[in-house]
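This report refers to the structure that appears directly beneath it.
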Amino acid sequence: MESKNPIFSRQSKGQQAWGTPTPTAEQLQGMYNSPSYAPTAQRTMTIDDVVVRGFITLGTLVVSAAVAWALNLGTAALLIGVVVGLILGLIVSFKQSTNPVLILGYSVAYGVAIGVISHMYNDLYSGIVFQAVVGTALAFAAMLTVYALRIIRVTPKFTKFVVAAGLGLMGLVLINLVAGFFIEDGIGIRSGGPLAYVFSIAAILIGCFFLMLDFNEVEQGVKAGAPEKYSWLMAFGLTVTLVWIYLEILRLLSYLRE
């Protein structure tokens with residue numbers, strides 16, 4: 001009987017043209033039973049997958065930071081952690097890699113750097129690290145609530161604004177870094193003055209907006225039926241954003257202490 005499906009009918013015509021005989025029912029059953037033809041069902045990503053991977057990724061970073069704090073590692077460990085973490089983070093970001101080794105490697109490297117930085121700040125301002133951790137947790141909870149209640153909707157226009165603002169912030173940081181070689185305190189966005197306050201507050205707000213982009217990315221990925229492995233990439237994005245917010249809150253609190 002000729003099939004009404006155009007794909008199947010095209011296939012049968014091709015087999016007649018190439019002289020390939022149509023397989024019998026026994027041959028088809030054998031192909032189905034053989035390992036190379038066994039059907040594979042790929043599980044799709046769920047919110048629970050992202051939550052679990054997020055705990056693993058962020059937990060690895062926290063443990064690494066705690067070890068670096070306890071061992072009181074110095075500036076050399078800080079520089080190595082930043083460089084290695086930056087390289088791994090760029091690889092994951094540009095390749096959209098879901099490799100857990102790269103993502104957890106980023107967590108370990110940046111965890112060491114954050115542990116050293118946190119120890120330095122806490123030596124100068126006792127208790128500041130605990131305040132920054134609480135502030136980061138509150139920011140995460142607040143933005144999750146705002147996103148869940150749809151108080152602010154993630155639209156294409158909103159996304160473009162947040163990404164542009166983030167690129168603008170990074171541009172200012174680079175300009176300040178270069179200017180610092182020629183002018184004391186650079187352009188003043190990290191000097192502790194009024195401009196530094198404004199810059200840190202803006203950086204925290206934009207970091208919070210990036211959290212909303214991360215939440216939306218997770219939701220859209222689940223709806224689209226993305227493969228389970230992409231939960232690692234979602235967890236990586238959330239971890240990067242939380243690190244950003246934590247460091248900026250830490251810096252802003254240091255200005256207030258001064």
Side-chain angles (χ1 to χ4, degrees), residues 61 64-65 68-69 72-95 106-107 109-129 131-133 135-136 139 143 157-214 236-258:
L61 187 144
S64 301
W69 177 304
N72 196 16
L73 301 180
T75 307
L78 168 61
L79 294 176
I80 293 173
V82 169
V83 171
V84 173
L86 181 60
I87 292 173
L88 293 177
L90 290 174
I91 292 174
V92 173
S93 299
F94 284 104
K95 293 185 65 177
Y106 162 85
S107 295
Y110 246 73
V112 170
I114 289 175
V116 175
I117 292 172
S118 300
H119 197 284
M120 291 177 176
Y121 270 98
N122 204 67
D123 285 343
L124 294 173
Y125 315 102
S126 179
I128 193 174
V129 170
Q131 294 173 348
V133 170
T136 304
M143 299 317 297
K157 188 175 181 179
F158 177 82
T159 302
K160 290 179 181 178
F161 165 76
V162 174
V163 172
L167 292 175
L169 281 179
M170 288 189 286
L172 286 175
V173 170
L174 290 175
I175 292 172
N176 185 70
L177 182 64
V178 174
F181 290 108
F182 307 99
I183 308 171
E184 186 179 1
D185 293 332
I187 60 176
I189 61 174
R190 295 302 196 189
S191 63
L195 188 58
Y197 278 85
V198 174
F199 183 84
S200 285
I201 293 173
I204 293 169
L205 289 175
I206 293 173
C208 290
F209 291 152
F210 265 103
L211 273 180
M212 295 194 65
L213 298 187
D214 293 334
F236 168 77
L238 287 168
T239 301
V240 170
T241 306
L242 288 173
V243 167
W244 171 355
I245 295 173
Y246 168 76
L247 291 176
E248 286 300 331
I249 290 178
L250 193 63
R251 187 180 292 271
L252 179 61
L253 289 174
S254 70
Y255 297 156
L256 295 174
R257 289 291 189 93
E258 291 178 359

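Everything numeric in this text was worked out from a predicted model, so none of it was measured.
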Minimum side-chain heavy-atom gap [X]-[Y] below 4.5 Å:
| X | Y | result |
| --- | --- | --- |
| L73 | L78 | no |
| V129 | W69 | yes |
| F236 | S93 | yes |

### Task
Quick one: list whatever passes ring pair (Phe, Tyr, Trp, His ring centres under 6.0 Å) with Y121, sequence neighbours left out.
none
### Message
Among residues at least two apart in sequence or on other chains, which ones pass ring pair (Phe, Tyr, Trp, His ring centres under 6.0 Å) with F161?
### Response
none
Closest non-hydrogen atom pair between [X] and [Y], with its separation:
| X | Y | result |
| --- | --- | --- |
| A77 | V116 | CB-CG2, 4.5 Å |
| A113 | G81 | CB-C, 4.2 Å |
| I128 | R257 | N-NH2, 3.8 Å |
| C208 | I245 | N-CD1, 3.9 Å |
| Y110 | G85 | CD1-CA, 3.5 Å |

### Query
Should the pair F209 and F158 be assigned to parallel (<30°), tilted (30 to 60°) or perpendicular (>60°) ring geometry?
perpendicular
### Query
Taking atom CG of L172 and atom CD1 of I189, what is their separation to the nearest 0.5 Å?
5.5 Å
### Task
Measure the CD1-OG distance between I183 and S191 for me, rounded to the nearest 0.5 Å.
12.0 Å
#### Entry: Residues V112, I80; criterion side-chain contact (heavy atoms from CB on, under 4.5 Å); working and verdict
CA-CA 9 Å; V112 170; I80 293 173; over 6 Å; no
Give the table of side-chain donor-acceptor pairs shorter than 3.5 Å for residues 246-253, with sequence neighbours excluded, one pair per line with atom names and distance.
unit_1	atom_1	unit_2	atom_2	d
Y246	OH	S118	OG	2.7
E248	OE1	R190	NH1	3.2
E248	OE2	R190	NH2	2.7

[X]: what forms a side chain to side chain contact (heavy atoms under 4.5 Å, CB included) with it, not counting sequence neighbours?
| X | result |
| --- | --- |
| T159 | V154, V163, L213 |
| I175 | I187 |
| N72 | H119 |
| L88 | V84, L102, Y106 |

Compile the donor-acceptor pairs under 3.5 Å between side chains in residues 197-207 and protein atoms, sequence neighbours left out, one pair per line.
unit_1	atom_1	unit_2	atom_2	d
Y197	OH	Y255	O	3.0
S200	OG	A196	O	3.4

### Task
Please list, chain by chain and in numerical order, all residues satisfying side-chain hydrogen bond (donor to acceptor under 3.5 Å, both in side chains) with T241, sequence neighbours excluded.
D214
